[in-house]
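Pasting in a structure now, in structure tokens, and then I'll have a few things to ask.
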Amino acid sequence: MRRLAVITAVVLTAVPALALDLPTRKAGLWDVKMVFEGRNLPATAMQQCVDPATDKLMNANVGGPAGEACSKKDIRNSGGTITVDSVCKFGATTTTSHAVVTGSFDSAYTMNVTSTREGGPPMPGVAPGGETHMTITAKWLGPCAAGQRPGDVMMSNGMKMNVLDMPNVGGAPPQPGGVPGMRPPRPQ
């Protein structure tokens, strides 16, 4: 659970302005991998079952109130390559990011994000003002599997959450007996 919290914090500070402006992904099951270069964090893999509505909610959850928190948000789409340069402030932390997205939101895409953080609490493995690099690769696998519902995110460790179950998202109450939006790992 601690590892998931650290990874979530890294993603939240690395791509706040980008998430709200990405095209909607094709409905179905997506395999997503995140690699953090130069960090003491392992690669993370997950699968996401999405439809247009839950994909938009997932992007909003990653991005947070980026539109209100970003003093700079330059987005360019040139020949199918999306480039985003942003400066966003969340509390005492200012994050400057440069992201390049290539590929197709119907089949497979890659997102390369370079960012720096200033101020705020220290991040594990990152020197203050140090640059971080993250690569996200995503591939459409097909329709969601039986028993999955749009908004499901299945982590490689078996942890499962759904964007619709998270507090303040879609009006759904938190899951009973645990972290809101989280389900315990599947038995092996």
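The figures here come from the full heavy-atom set of this structure, side chains too, leaving out hydrogens, waters and symmetry mates.
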Report task. Report the C-alpha separation of Leu29 and Met154 in whole Å, then their side-chain angles, then the decisive distance to 0.1 Å, and conclude whether the side chain to side chain contact (heavy atoms under 4.5 Å, CB included) test is met. Result -> CA-CA 10 Å; Leu29 188 61; Met154 293 70 58; 3.9 Å; yes
Requested in this report: Using a strict 4.0 Å threshold on nitrogen-to-oxygen distance, state whether Lys160 and Asp152 make a salt bridge.
Outcome: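 Salt bridge present between Lys160 and Asp152.
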Query raised in the report: Side chains of Thr137 and Met111: does their closest heavy-atom pair fall under 4.5 Å?
Result: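 No, their side chains stay 4.5 Å or more apart.
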**Report entry** Main-chain N/O of Ala99 paired with Asn112 side-chain donor or acceptor, under 3.5 Å
**Finding:**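 No: the side chain of Asn112 does not pair with the backbone of Ala99.
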Query - Which residues share a side-chain contact (heavy atoms from CB on, under 4.5 Å) with Thr102, sequence neighbours left out - result: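 Per chain and number, Thr102 pairs via side-chain contact (heavy atoms from CB on, under 4.5 Å) with Thr81, Val100, Thr110.
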Requested in this report: Kindly indicate, with the supporting measurements, whether the criterion side chain to side chain donor-acceptor pair (under 3.5 Å) is fulfilled by Thr24 and Asp55.
Outcome: CA-CA 6 Å; Thr24 301; Asp55 195 45; 4.7 Å; no
Requested in this report: Check the pair His98 / Thr83 against side chain to side chain contact (heavy atoms under 4.5 Å, CB included), numbers first and verdict last.
Outcome: CA-CA 7 Å; His98 174 77; Thr83 305; 3.5 Å; yes
**Report entry** Any donor-acceptor N or O pair under 3.5 Å, side chains His133, Thr114
**Finding:**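 Looking only at side-chain atoms, Thr114 and His133 do form a donor-acceptor pair, the distance falling under 3.5 Å.
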Query - Hydrophobic cluster membership, Met155 vs Val35, 4.5 Å side-chain cutoff - result: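 Cluster IDs for Met155 and Val35 differ.
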Query raised in the report: How far apart are the C-alpha atoms of Met46 and Met34, what are their side-chain angles, what is the distance that settles it, and do they pass the side chain to side chain contact (heavy atoms under 4.5 Å, CB included) test?
Result: CA-CA 9 Å; Met46 68 187 80; Met34 293 183 284; 3.3 Å; yes
Only distances under 3.5 Å count here; give the side-chain donor-acceptor pairs of residues 47-54 to other protein atoms, sequence neighbours excluded, each with its distance to 0.1 Å.
residue: Gln48; atom: OE1; partner: Arg25; partner atom: NH1; Å: 2.7
residue: Gln48; atom: OE1; partner: Arg25; partner atom: NH2; Å: 2.7
residue: Asp51; atom: OD1; partner: Ala53; partner atom: N; Å: 3.3
residue: Asp51; atom: OD1; partner: Thr54; partner atom: N; Å: 2.8
residue: Asp51; atom: OD1; partner: Thr54; partner atom: OG1; Å: 2.8
residue: Thr54; atom: OG1; partner: Asp51; partner atom: N; Å: 3.0
residue: Thr54; atom: OG1; partner: Asp51; partner atom: O; Å: 3.4
residue: Thr54; atom: OG1; partner: Gly151; partner atom: N; Å: 3.4

Query raised in the report: For Lys33, which residues count as a side chain to side chain donor-acceptor pair (under 3.5 Å) partner, sequence neighbours excluded?
Result: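 Lys33 satisfies side chain to side chain donor-acceptor pair (under 3.5 Å) with Asp31 only.
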Query raised in the report: Thr94: what forms a side-chain contact (heavy atoms from CB on, under 4.5 Å) with it, not counting sequence neighbours?
Result: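 Applying side-chain contact (heavy atoms from CB on, under 4.5 Å) to Thr94 gives Val87, Lys89.
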Query raised in the report: Who passes ring-ring contact (aromatic ring centres under 6.0 Å, His included) against Tyr109, sequence neighbours left out?
Result: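 Partners of Tyr109 by the ring-ring contact (aromatic ring centres under 6.0 Å, His included) criterion, ordered by chain and then number, come out as Trp30, Phe105.
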**Report entry** Side chain proximity check, Ile136 to Val32, heavy atoms < 4.5 angstrom
**Finding:**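 Side-chain contact under 4.5 Å: yes.
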Report task. Under the side chain to side chain contact (heavy atoms under 4.5 Å, CB included) rule, what do Phe36 and Thr44 come out as? Steps first, then yes or no, please. Result -> CA-CA 9 Å; Phe36 306 93; Thr44 300; 4.0 Å; yes
Query raised in the report: Would you call Ser86 and Thr95 a side-chain contact if the rule is heavy atoms closer than 4.5 Å?
Result: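 Sidechains of Thr95 and Ser86: no contact.
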Query raised in the report: Is the closest side-chain heavy-atom distance between Arg76 and Ile82 below 4.5 Å?
Result: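 No; the side chains remain at least 4.5 Å from each other.
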Requested in this report: Find the distance between CZ (Arg117) and SG (Cys88) and round it off to the nearest 0.5 Å.
Outcome: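 That separation rounds to 13.0 Å.
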Requested in this report: List for me each residue that meets side chain to side chain donor-acceptor pair (under 3.5 Å) alongside Asp106, sequence neighbours excluded, and say none if there are none.
Outcome: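 Here no residue qualifies.
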